[in-house]
Amino acid sequence: MSLMPNILLVDDEERFINSLESILKYYQYNCTKALSGNEAIQLLQQKQFDLALLDVGLPDISGCDIAEFIKNSCQNTTAIMLTGISTVETAVKAMKQGAYDFLSKPINHETLLKTIDKGLQHNKLIRELRGSEIRFQTLSEAAWEGIVIHEKGRLIEANHQFFRMFGYTKEELQYGLFIESILPTASLHVIKQNIDNDIFGSYQIAGVRKDGTEFPIETNSRALQYMGRPARVCAIRDLSERIRAEEEKLSLQKKLAKANKLKALGLMAGSVAHDLNNILSGIVSYPELLLTQMDEQEKYYPEIKKIQETGKRAAAVVADLVALARGGLPPTTVENINDIILSHLSSIEHGERLASYPNVVIKTNLQKNLHNTYCSPQHIHKILLNLIGNALEAVKDSGVIRISTRNSKFINPLSDGYRSLGAGNYIKLCISDNGMGICQNDMDHIFDPFYTTKMMGKSGTGLGLSIVWNTVQEHNGWIEVKDNKPGAIFEIYLPATKDSRAGSAQDIARKRSLQGSGETILLIDDQPEQNETMEKLLSKLGYKTHSVTSGEEGITFLETQGVDLVLLDMMMGEGLSGRETYERILEVRPGQKAIIISGYSRNEDVLQARALGISDFLEKPVTLPKISQAIKQSLSRS
């Protein structure tokens, strides 16, 4: 059963209001009486009424004021005025105050019922309209898109997202906004064509905010009837975040592709490094064995020394491949740059390259008493090889290349808080030529990886100067390139040190201290020639050795015999790896000391091996000082 309407009766004449209540109750209306204006307002605040019959002339508050209260605070209540004085002025005032209709006393019952019925229908329509507006407003404001209704280019209604998107206010919309306010010229041309040709649908254009900034938008429009007139409703979506996300995704995809490429390159580099280091072990180790048995004045000593140095520089190239696959900084020792320069200028590589440029003159101006620096000699050789090689190609048939060194005060721009620090002591190495020089555009990109100015088919990968830059940075130095007019000049700054290089007396003392005392060492390497080379080195150092070519053989040997130290390769063919071998060795010989020597191994394997107790890790090819020092340190550990 449906509920009957609630009607509030307000009149100060009790007999009249009781009579009115009797009539309405007869027609099954729910009635509530109020004999004053204040009582009526209290009831309106406590209870919801569908309709109120208000006497105009109340003693405390005017019925018109109550009608205004209902209009402002009780929007679901319809007010009908009652008065004994029927004047146009009173009627107009009542209607302005929000009354729906006006009845004069004495009231005709039939007229009363008809007016109440119309008032209730009006109330129902108002409620439905208001509910519809609320639903529309809620959906509109809840939408992600900006929604705007426009009529022939004039914007007539919009939601909050639209105002937030374009920077306008509702007041500005009421004063007058047109599509020219929100679209740049190019987009406006497209939209006007669509409006003129009644074209609807979705398309991407540019929008313009109130502050003049343009941004990408997607619009979707359709026709509708608004206030009885044809109009267009348009949903507008800001694409800025989506485009930014797509650009970020594309950037990440490029980085992922690059990472995958480097990963593949790293895998290749690791495989090549392992094989090359095994080959280079003999080139580095055998000359070292020969040199330990010769005096510097003996015949062929310089040549054998050059073979050894060449092998070390080849090993440094392999170290670059390892760094590419795994990363890492080169080990450094105290060196004098002058000695490295002179060594490079007398090297086989430099001599072979210089033979192709017989008319080029290389002049040196090396400062005496030059400070020492901590560096990797092999990597400094690489810097010289690249810079001198580039200079030779720049001067071509004839010209002059100058190499100079001097002590210098310098502020490294990459130092933390460098502006507040004073200049430090550096070694300055300059390599200049009088060739064609470097144009400014190339100078801006000259250290970028794979950037090259050389013709297709000529030497050069675009990595040379990138390697120089990275090497200098790894040495905490700085490099600059300048126009030499003619030619170019490269200036390299390396931090100086007061530490001294180990002299010959110190070398002898160090070598004696690194000699073994007959300790037994087990060699485990799947390459027999590697075991043979290492056995000769260790024998020279005073150690007893035994060698096997697999992890399984090493475990079997240790089940019956103990040794002081195990030297094992990390990557050994199809059998157990170095780490797996060491795990099994610990089951047989708990606490067994061991060192890994490998041509290449992954960082994860090295970390896992160290966690098991491996005391040191050496990369092939190993030199006599490195292996002797590592063995001494390992044996001395408790």
Side-chain angles (χ1 to χ4, degrees), residues 275-320 330-331 333-358 360-364 366 375-389 391-392 401 403 405 431 459 501-508 510-511 514-515 527 529-530 532-541 599 618-629:
D275 293 340
L276 285 179
N277 276 328
N278 281 335
I279 296 170
L280 289 171
S281 292
I283 300 175
V284 173
S285 301
Y286 279 116
E288 193 156 30
L289 280 173
L290 293 173
L291 292 173
T292 58
Q293 304 172 42
M294 301 172 65
D295 293 329
E296 294 184 9
Q297 294 76 23
E298 286 190 40
K299 187 178 180 181
Y300 301 125
Y301 185 94
E303 287 78 7
I304 296 174
K305 184 70 174 177
K306 285 184 179 181
I307 293 172
Q308 183 197 37
E309 291 174 351
T310 300
K312 288 181 178 180
R313 283 196 287 277
V317 173
V318 178
D320 281 344
T333 55
V334 178
E335 302 290 342
N336 190 281
I337 293 296
N338 287 347
D339 293 341
I340 297 177
I341 292 171
L342 294 174
S343 173
H344 178 79
L345 294 178
S346 62
S347 68
I348 297 173
E349 299 101 313
H350 176 74
E352 290 177 348
R353 177 170 286 189
L354 192 61
S356 301
Y357 302 90
V360 176
V361 178
I362 296 181
K363 297 183 177 181
T364 59
L366 309 180
C375 69
S376 164
Q378 288 81 14
H379 286 77
I380 299 300
H381 274 287
K382 191 174 301 179
I383 290 175
L384 296 170
L385 186 70
N386 279 295
L387 294 184
I388 295 174
L392 286 169
I401 298 173
I403 304 173
T405 59
I431 300 178
S459 63
R501 299 175 66 195
S504 57
Q506 292 171 309
D507 288 341
I508 294 172
R510 179 175 57 80
K511 289 178 181 178
L514 295 178
Q515 284 287 348
Q527 302 290 327
E529 61 272 16
Q530 297 295 317
E532 181 184 349
T533 302
M534 190 58 64
E535 281 184 314
K536 290 183 179 180
L537 282 175
L538 297 180
S539 176
K540 181 67 178 177
L541 291 171
L618 301 177
E619 288 187 347
K620 298 176 182 178
V622 295
T623 60
L624 203 60
K626 281 185 181 180
I627 187 63
S628 57
Q629 186 175 11

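- Paired with I337 under the rule side-chain contact (heavy atoms from CB on, under 4.5 Å), one option of L384, T405, L366 passes, and it is T405.
- Residues passing the ring-ring contact (aromatic ring centres under 6.0 Å, His included) test with H344 are H350, H381, sequence neighbours excluded.
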Practice task
Please step through side-chain contact (heavy atoms from CB on, under 4.5 Å) for the pair I627 and M534, ending with a clear verdict.
Solution key: CA-CA 9 Å; I627 187 63; M534 190 58 64; 4.2 Å; yes
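- Between M294 and I304, the shortest heavy-atom distance links the atoms SD-CD1, 3.7 Å.
- Here the straight-line distance linking atom CD1 of I383 with atom CD1 of I431 works out to 8.5 Å at 0.5 Å rounding.
- A 4.5 Å side-chain heavy-atom check between L387 and I403 finds every atom pair outside the cut-off.
- What you find for E303 and Y300 is that their closest heavy atoms are OE1-CA, 3.1 Å.
- Pairing each heavy atom of I340 with each of P377, the nearest pair is CD1-CA, 4.0 Å.
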Problem - Stepwise side-chain contact (heavy atoms from CB on, under 4.5 Å) test for L537 and L541 - result: CA-CA 6 Å; L537 282 175; L541 291 171; 5.5 Å; no
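- With hydrogens and angles ignored, the 3.5 Å screen pairs a side-chain donor or acceptor of N336 with a backbone N or O of N338.
- Closest approach of L354 to V360, counting heavy atoms only: CD1-O, 4.5 Å.
- Although no hydrogens or angles enter the test, the distance criterion places no donor-acceptor pair under 3.5 Å between the side chain of S343 and the main chain of D339.
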